[in-house]
Amino acid sequence: MKVATIGTGYVGLVTGACLADMGNEVICVDIVDHKVEMINQGRSPIYEEGMQEILKRNAQKNLKATTDLEMAIENSDISFICVGTPSDRDGGIDLRYIKSAARSIGKALASVDNHTVVVKSTVVPGTTENIIIPILEKNSGKHVGEFGVCMNPEFLKEGVAVDDFMNPDRIIIGQYDENSGNKLAELYKGFYCPILRTDLKTAEMIKYASNSFLATKVSFINEIGNICKRLGIDAYTVAEGMSLDYRISPNFLKAGLGWGGSCFPKDIKGLISYAKGIGYNPELLQTVLKVNRKQPEILLDIARKKLGSFDGKRVAVLGLAFKADTDDTRESQSFHVIRQLLNEKAEVVAYDPKAEENTKIEFPEIQYASTAEDALKEADIALILTEWEEFQNLNYEGMKNRIVIDGRDIVKNREGIEYEGLCW
Ligand code: UDX
């Protein structure tokens, strides 16, 4: 099929590139010229495992990139809206980008027949029906039904998004009508996972409920970990015992500094704000958020007790990305730790194998080391905040005091140092 994807972030580009790799003709649209040029040269503007190879195989063949959205819609049967829906001040979602994309798509639909628009961006229940469809109708002069509409949430984890796209556990097709759903199901016929067909707002809610549940699972094991810490019990052994129950599974039971990223915080805050807006107070979800916010404070309490105070102390912060194997620092828990260290007048030396550049935007004033060992030199304490493999066996000899606080249960060699785990 002929496909257009609007937005070339990790959802849009992964969707477009993988569909091209499966034999579809794809046009990726973005407003940033530089990104468009890179994609057309077969170079990926984002870091995702496997993306470079896919672009090399398909760029300028059945995968093209352009800034011309109208041309993309006129030359495709189905288009995916994959633009960002960031949090706004009160935790709700900011729809400006998706509204703008819908306006442009609507204009193009005026001269296009048999086209189906698919919302892949994460939007609260009711958004596709009550906001996106009216915009498409207004700008195309057509009624929905003359064009198809679906809502098809993504479940892609950063760093492994290509694998997640090509091997989904399930595909959710929220459909305005049977025809729209059939069109999207046709595109996905190469997948062998369960395909669930629902109405539009149910598909929107499945996305929020899934991410909120995963965040809840992590905050749950962190709460258990905080209790275990007081009892000298290792939360990881508890998690292992729990995970043998097939209903619990071993996934998302790693206790530690908590969750960050561009999705969990945004989605759980979005659902809380939306629920309150319809008159329901989501107490559990608010507590999940509160538990997560507390983890950096608990780690700092452990460190502060060791040092007495951070004032004037040299603190090596190892790990800045919100998780390992990505350069993404959005909502990284490490940033909450650094901010508090600076408030308490610590001298911060930071290191991360991939996320230094992104961190410098937020914290230009701290020192950055090019290796973990350099960051440790003369440090009074080391805080391990992201589970990078290279942090398993570090050499702490250059430290002034060999105090190591591990926020991710990643440190394997604990000999000859004063080691303390966050929840173990
Ligand atoms: C998440 C969802 O997994 C994905 O399905 C959705 O489409 C987008 O949001 P992502 O944000 O890329 O993906 O990262 P993920 O691997 O889910 O981790 C999220 C956060 O939880 C990270 O900060 C990670 O460090 C933390 N985490 C995860 C834990 O602290 N413990 C765990 O056991 C798992």
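Numbers here simply count residues along the sequence, with the first being 1. First listed ligand is number 1; within each ligand, the first listed atom is number 1. All figures in this text were calculated on a predicted structure; none of them were measured in a lab.
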Checking the side chain of Lys183 only, and the main-chain atoms of Asp77 only, is there a donor and an acceptor separated by less than 3.5 Å?
yes

Show every salt bridge (Lys or Arg N to Asp or Glu O under 4.0 Å) that has at least one partner inside residues 13-22, sequence neighbours left out.
Asp21-Arg57

Presence of salt bridge, Glu297 and Lys294, under 4.0 angstrom
no

Any protein N/O atoms within less than 3.5 Å of an N/O atom in ligand 1? List the atom names and distances, or say none.
unit_1, atom_1, unit_2, atom_2, d
ligand 1, 7 (O), Glu154, OE1, 3.0
ligand 1, 7 (O), Leu156, N, 3.0
ligand 1, 7 (O), Leu156, O, 3.1
ligand 1, 7 (O), Lys207, NZ, 3.0
ligand 1, 12 (O), Glu158, N, 2.6
ligand 1, 12 (O), Lys323, NZ, 3.4
ligand 1, 14 (O), Lys323, NZ, 3.3
ligand 1, 16 (O), Lys323, NZ, 3.0
ligand 1, 23 (O), Gly260, N, 3.0
ligand 1, 23 (O), Phe322, O, 2.9
ligand 1, 30 (O), Arg408, NH1, 3.4
ligand 1, 31 (N), Lys254, O, 3.1
ligand 1, 33 (O), Leu253, N, 3.4
ligand 1, 33 (O), Lys254, N, 2.9

If the threshold is 4.0 Å, N to carboxylate O, is there a salt bridge linking Glu158 and Arg330?
yes

Thinking salt bridges, do Glu344 and Lys313 make one under a 4.0 Å N-O criterion?
no

Check for me whether the distance between the ring centres of Tyr208 and Tyr274 falls short of 6.0 Å.
no

